[in-house]
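Structure record follows, encoded as structure tokens.
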Amino acid sequence: MLSKIHSAGLSGLEGYHVSVEVDEGDGLPRSVIVGNVSPSVREALERCQVALKNSSVFLPPKRLTINLAPADRRKDGTFFDLAILSGVLKAIYMPAGADTDQYGFIGEIGLDGEIRHVNGILSLVSALKEEGLRGAIVPQADVQEALVVENMDIIGISHVTDLFKLLRSEDAFNMFDRPIPEKSLQDEQTYEADFSDVHGQSFGIRAALIAAAGGHNLLLSGVAGSGKTMIAKRIPSILPPLTREENIEVTRVYSASGLLPKGQALYNRRPFRTPHHTITTPALIGGSSPQGIMPGEIALATRGVLFLDEIPLFSRFAIEALREPMEEKRVVINRLQGSFTYPADCMVVAAMNPCPCGYYPDRNRCHCTEAEIRAYQKGISRPILERIDLCVEASPVRFEEAVSLEKGISSRELREKVQDAREIQKIRFKNTDIMTNAEMRIRHIHTFCKLGSREEEFIGDVFRLRGLSMRSYHKILKVARTIADLEHAEKINISHLSEAVSYRGLEDRLFGGGDMA
């Protein structure tokens, strides 16, 4: 008897439909799985047989051929265990049982018969929906995540015995209780870190506000212990709450990576990723791992913040690999298995000291040589620095500020300003494919960053005197547009341009002006 069961596999973040075909016949007992599968898929039959034995079900000696179609696509992972077991049971024991044509089966099977969690349920169930199926059978632990996919009939099972009940009769599907979606989104995202804890550093807080309002990249420079990391860690607390679409996008990444908290349907907070400076390029950008082609830290920071503390200490290859993702807001990884695309739409926030010891220009404490200082500062290249919209110096905190009990501006107050500016941008870009000022391309800059004659004369003088590149010039206009939005100003004026220009001073100090080579 031949049986066919629907399932799904995962390729990067994208799910794809897989048809599991099981043929049982007479002859010498033999079991084989074909269809361009990995060892983890071939082992599925062994897991299924032991799980059946431990559930007091013994397979008769049959000749089993199991095919996972399409055969031209590589299948990897344990997603197919439940579908393979269902196909075997249907072929041998229950040919006249429940009609499974409208349901997909996803899940890993333990040797004790337990149906276990698998990564990427959101993408897998979405693939089944795109195939036109009515519903999905998933592990009980993954039910709430699967319910995020709307208009899908989701049934959760926890043991092989539940599968027997489901397959034994035509009415069995109707006998299972349908779970109710839990509330997935919080009314308001809460963060432990708050900007009211930051003493002094008004320039750093101002730069963080502008960066959050326009989605700009930010570099914080200053002596050790001046509060750069404190400011960076609090930036997610002033970003607007995630929309439903952003929530699902972030959840897909974390689910496929196995980082979604257990029992949680959606990842509800703006991500904040802070990799160590010893991170490798594949770990930062994404690439091969024992689990397959996995997203890197920049993808895990999507819709949030990627914080690179002590950026000059990172591998030059790793940092330079950020060039395209910072511009395109996505990562494309090409391997023998295929091409994989991950989102990389995040704010890149970096921090650096002025020298290796962190105390320059205080020569009473800093004993670094000029060569050491230059070598350290050259750890960040000009092409990367030009992709950072705002560079601000964090000055040492005065004693009076450190001991002051007066609270600074809170994250709630700053978030309200950010949301007002983002609402202006939402209206401005409603007929385009972008959402924030930082995403503007040249045609958008020409449309939304028009300058008056006085403003053009001012920025023209700056362009010539400081030898700006076109990228730096466009960054200044984007930042000026955000500053104007924070002030609810319709047009960009000289004060907005002047402040935006002031955030590119570090570029001049490190590279002395001049165009890029």
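We count residues from 1, following the sequence as given.
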Less than 4.0 angstrom from a charged side-chain N to a carboxylate O is my criterion; do Lys262 and Asp142 meet it? no
If the threshold is 4.0 Å, N to carboxylate O, is there a salt bridge linking Arg387 and Glu327? yes
Kindly say whether [Y] contributes a backbone atom to a donor-acceptor pair with the side chain of [X] at under 3.5 angstrom?
{"X": "Ser31", "Y": "Leu64", "answer": "no"}
{"X": "Lys129", "Y": "Glu150", "answer": "yes"}
{"X": "Lys478", "Y": "Met440", "answer": "yes"}
{"X": "Gln425", "Y": "Ala213", "answer": "yes"}
{"X": "Arg422", "Y": "Met435", "answer": "no"}
{"X": "Ser411", "Y": "Asp194", "answer": "no"}
{"X": "Gln264", "Y": "Leu260", "answer": "no"}
{"X": "Thr302", "Y": "Ala299", "answer": "yes"}

Closest non-hydrogen contact found for Asn119 with Phe79 is O-CE2, 3.3 Å
Scanning both residues in full, the closest heavy-atom pair of Cys346 with Asn217 reads O-OD1, 4.1 Å
Enumerate the ring-ring contact (aromatic ring centres under 6.0 Å, His included) contacts for [range], please, sequence neighbours excluded, ordered by first and then second residue.
{"range": "residues 10-64", "answer": "His6-His17"}
{"range": "residues 408-431", "answer": "Phe429-Phe448"}
{"range": "residues 28-51", "answer": "none"}

Derivation of the side-chain contact (heavy atoms from CB on, under 4.5 Å) call for Glu108 and Ile115
CA-CA 6 Å; Glu108 178 182 334; Ile115 310 300; over 6 Å; no
| said: Quick check on Lys417: does its NZ atom have over 12 non-hydrogen neighbours (other residues, nucleotides or ligands) under 6.0 Å away? | reply: no
More than 12 heavy atoms from other groups under 6.0 Å of NZ on Lys4: no
Just do the side-chain hydrogen bond (donor to acceptor under 3.5 Å, both in side chains) check on Asp76 and Ser40 with the steps written out, would you? CA-CA 7 Å; Asp76 193 13; Ser40 63; 3.0 Å; yes
Looking only at side-chain N and O atoms, does Arg303 offer a donor or acceptor that is under 3.5 Å from a partner on Asn247? no
Residues passing the ring pair (Phe, Tyr, Trp, His ring centres under 6.0 Å) test with Phe340, sequence neighbours excluded, are none
Residue set satisfying ring pair (Phe, Tyr, Trp, His ring centres under 6.0 Å) with Tyr267, at least two apart, ordered chain then number -> Tyr254
* Asp197 and Arg234: CA distance, side-chain angles, deciding distance, salt bridge (Lys or Arg N to Asp or Glu O under 4.0 Å) verdict -> CA-CA 10 Å; Asp197 301 326; Arg234 283 155 177 77; 3.6 Å; yes
Let me see the working for Thr482 and Asn437 under side-chain hydrogen bond (donor to acceptor under 3.5 Å, both in side chains), right down to the final yes or no.
CA-CA 7 Å; Thr482 299; Asn437 290 332; 2.9 Å; yes
Residue pairs meeting side chain to side chain donor-acceptor pair (under 3.5 Å), one or both in residues 44-55, sequence neighbours left out, come to Arg47-Asp81
